[in-house]
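Let me begin by presenting the structure, written as structure tokens, before commenting on it.
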Amino acid sequence: MTITPDAAAAGSTLPEEVEVLVVGAGLSGIGAAYRIQEANPGIDYVVLEGREASGGTWDLFRYPGVRSDSDMYTLSFPFRPWTSAQAIADGDEILDYIRATARDAGIDRRIRYGCTVVGAEWSTPEQRWTVTVRTAEGERTIRTGYLHLGSGYYDYESPHDAGFVGTEDFAGEIVHPQLWPEGLDHAGKRVVVIGSGATAVSLVPAIAQTATTTTMLQRTPSYVFQVPGEDVVVQGLRKALPPQAVHRIARVKNVGMQGFLYQLSRVRPKAANALVMHDLRRHLPQGVIDEHFTPPYDVWDQRLCAVRGGDLFEVIQEGRAEVVTGHIDRFVPEGVRLTDGRVVEADIVVTATGLRLKALGGIDFRLDGADVPLAETFAYRGLMLGGVPNVSMTVGYTNASWTLRADLVSRYVARLIRHMRDHGYGVAVPVAPEGMTAAPILDLTAGYIQRSIGAFPKAGDRAPWTMPQNYVKDTIVFRRADVTEDMHFVPKGAGPVTLPRGASAPARLELPGSSSNTDDSLGDTIVEVPA
């Protein structure tokens, strides 16, 4: 049964002021709300959601085959065991899970739908954020003592435009997975999916069930590997152990496996490459692998693509789908022409060409009347902004499930808020030390990240300003983290004060060496990462 958003909450009046304001009602926002109210019983908070329904990514994406690209034991909340048989779950099942979590925790009654945050201005004398919200009735403002952003990191309204030449000449239909038309009929049609990442890997086998021909058109291959639809170890454990114990064991097992491959790829990349390719040879002929599934970069330079139950390999082996590797020249009436002269014919072209990143939800931040230059701020623990008080954000992992780090962030934010309440503080502002070297807050070489990451806050080179991609290490660090380290507090109602700003990050920095798969025309989306 699909759980629908709470209609009463959708029509409720926005309050004039709350103690805590959470932006976003997807995985990140719901998780943050849960942890905040868990650590601070009775706290007055509201969740603002720009869409007319909760679920974030999982309500937005409606393309055929949409599913998680991570196992659900690490993508789900640690406080709510994943009990479905599917380890790699379909989008609607994940959506039901998010909404059930919000309903059972009473969070759904705190959500206000159709409320897009467009601006936030901090007043030090008032120790408050004044948040500007766009609604169907016009702009409104709401004041809050603390602002948490669980809104993801990409533009929900506008996907990346790869700028293909000749699209107006194409006689068929062009669609983007982020804007999938309701009722689009691809049965009996020739479908071309441009892309080689997570979206394409899940789209192709789904479309191939009814399309006449299905082609995955890629400029450069991605690393792909099979993952079982169901985890036999988990299914066995469920016969003897309660759900929470099974969930905990499954998380530990899968975090260990993921961490091993990632660390191996960092210290012995050839060995990691060989491990993934060995698995691939169990499913596809060597000739197909050599031509279409051998990337010119190392494992985890970009995110691995999970093939649930080997369904992509099956449709290729059975001839229901094919892979074409080449550079796109332009669209022509009958399809897509490559630079070598080949034409891939199509009735429908799906441009799985990636996301448009949007730093901190595109909110215009101002601090005591001055603009906040996000690109020149250091990120404190990867979750707050140096020199900016009482605001935090959720940034997850690029090499593991987003929710693993999102929950660590949520628990830290909840603890910081409790510390402020217990000690009577009205302001908490991180102060970045001088002399730090800046680094990207997201460090993959994928095109969709490389295009826009310069506009985001920067990581530093020393604790607590680093952004390690290591869940085990982060679990230890966050558990022991001192909320007062590099943090300046001001008591509630204090007289005139000047907040310390700390060091600024360089507006531009040298990004990691990009691989040959960072072309704007063939980037791809990782659907489980955002909020």
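Atom set for the values below is all heavy atoms of this structure, side chains included, hydrogens, waters and symmetry mates excluded. Quick caveat, the model's predicted, so the values are computed rather than measured.
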Handout entry: Crowding at CD, Gln244 (>12 non-hydrogen neighbours, <6.0 Å)
Key = yes
Handout entry: Note: Arg99-Asp108 ion pair, threshold 4.0 Å (strictly below)
Key = no
Practice task
Identify whether the distance between the nearest side-chain nitrogen and carboxylate oxygen of Arg421 and Glu19 falls below 4.0 Å.
Solution key: yes
Exercise for the section: For Tyr45 and Gln37, test the side chains for any donor-to-acceptor distance below 3.5 angstrom and give the result as yes or no. Expected result: yes
Exercise for the section: Check the side chains of Ser202 and Arg67 for a donor-acceptor pair under 3.5 angstrom, ignoring hydrogens and angles. Expected result: no
Practice task
Would you please test Asp71 and Thr74 for side chain to side chain donor-acceptor pair (under 3.5 Å) and show each step?
Solution key: CA-CA 6 Å; Asp71 71 276; Thr74 57; 2.9 Å; yes
Problem - No-hydrogen, no-angle side-chain donor-acceptor test under 3.5 Å, Asp474 and Tyr397 - result: yes
Exercise for the section: Just do the side chain to side chain donor-acceptor pair (under 3.5 Å) check on Ser392 and Tyr146 with the steps written out, would you? Expected result: CA-CA 8 Å; Ser392 50; Tyr146 192 95; 2.9 Å; yes
Practice task
Taking only Lys NZ, Arg NE, NH1 and NH2, and the carboxylate oxygens of Asp or Glu, determine whether Asp301 and Arg266 approach each other closer than 4.0 Å.
Solution key: yes
Exercise for the section: Give a yes-or-no answer on whether the side chains of Arg303 and Ser70 include a donor-acceptor pair shorter than 3.5 Å. Expected result: yes
Problem - Trp129 side chain to Ser123 side chain, donor-acceptor N/O pair below 3.5 angstrom - result: no
Exercise for the section: Check whether the side chains of Asp92 and Trp58 place a donor and an acceptor atom closer than 3.5 Å, and report yes or no. Expected result: no
Practice task
Measure from the ring center of Tyr380 to the ring center of Trp465 and say whether it is less than 6.0 Å.
Solution key: yes
Problem - Passing candidate, side chain to side chain donor-acceptor pair (under 3.5 Å) with Tyr412, options Arg381, Arg35, Arg479 - result: Arg381
Fill in the blank from the handout: For Gln127 and Gly493 the tightest heavy-atom approach is OE1-N, 3.4 Å
Problem - Thr394-His148 side chain donor-acceptor pair, cut-off 3.5 Å - result: yes
Practice task
Would you kindly say whether Glu17 and Thr144 are connected by a side-chain donor-acceptor distance under 3.5 Å?
Solution key: no
